[in-house]
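Keep in mind that what you see is a predicted model, and the values were worked out from it rather than measured.
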Amino acid sequence: MAENSGGHSRTVGQKQPNARCLPDMTGNVAEWVHDVYANGADDRLIDPTGPDEGDMRVVRGGSRNNEAVFARSAYRNEPLEPDTRDCWVGFRVARTIIC
């Protein structure tokens, strides 16, 4: 991804959508998710949510800074504090669509 993006974020919608009709799902910026980080969580679980409370939050998927091997939504980056701001982390506003 870093070699494909030149290390820069891109405007959303420039790439083809995935099988779920979502463009740019991985590789542009890593994605904040609602989950609280749990040390040693098993990435093989389907949609693990982590503990109910905790200080660190989960960031999933690779960003423009990562190698392509990290371009999957199940990939968990290092945990971040909720007030962290950085140009390689974003969030996705989701709604139901029919494609």
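Glu53 meets the side-chain contact (heavy atoms from CB on, under 4.5 Å) test with no other residue; sequence neighbours excluded.
Taking all atoms of both residues into account, the shortest heavy-atom contact from Gly61 to Ala30 is O-CB, 3.5 Å.
Under the 4.5 Å side-chain criterion, counting only non-hydrogen atoms from C-beta, Leu80 is in contact with Val89. Side-chain atoms of Tyr75 and Val59, non-hydrogen and from C-beta on, never get closer than 4.5 Å to each other. Looking at Asp55 and Glu81, their side chains never come closer than 4.5 Å, going by heavy atoms from C-beta outward.
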Next item on the list: With side chain to side chain contact (heavy atoms under 4.5 Å, CB included) as the test, would you mind laying out the steps for Arg60 and Asp35 before giving the verdict?
Entry: CA-CA 10 Å; Arg60 289 196 177 271; Asp35 304 346; 4.2 Å; yes

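To the nearest 0.5 Å, atoms CG (Asp86) and CH2 (Trp32) are separated by 9.5 Å. Note that CE of Met56 is 7.0 Å distant from OG1 of Thr84, once rounded to the nearest 0.5 Å.
Annotation for Asp83: atom CG counts as buried by contact number, over 12 foreign heavy atoms lying within 6.0 Å.
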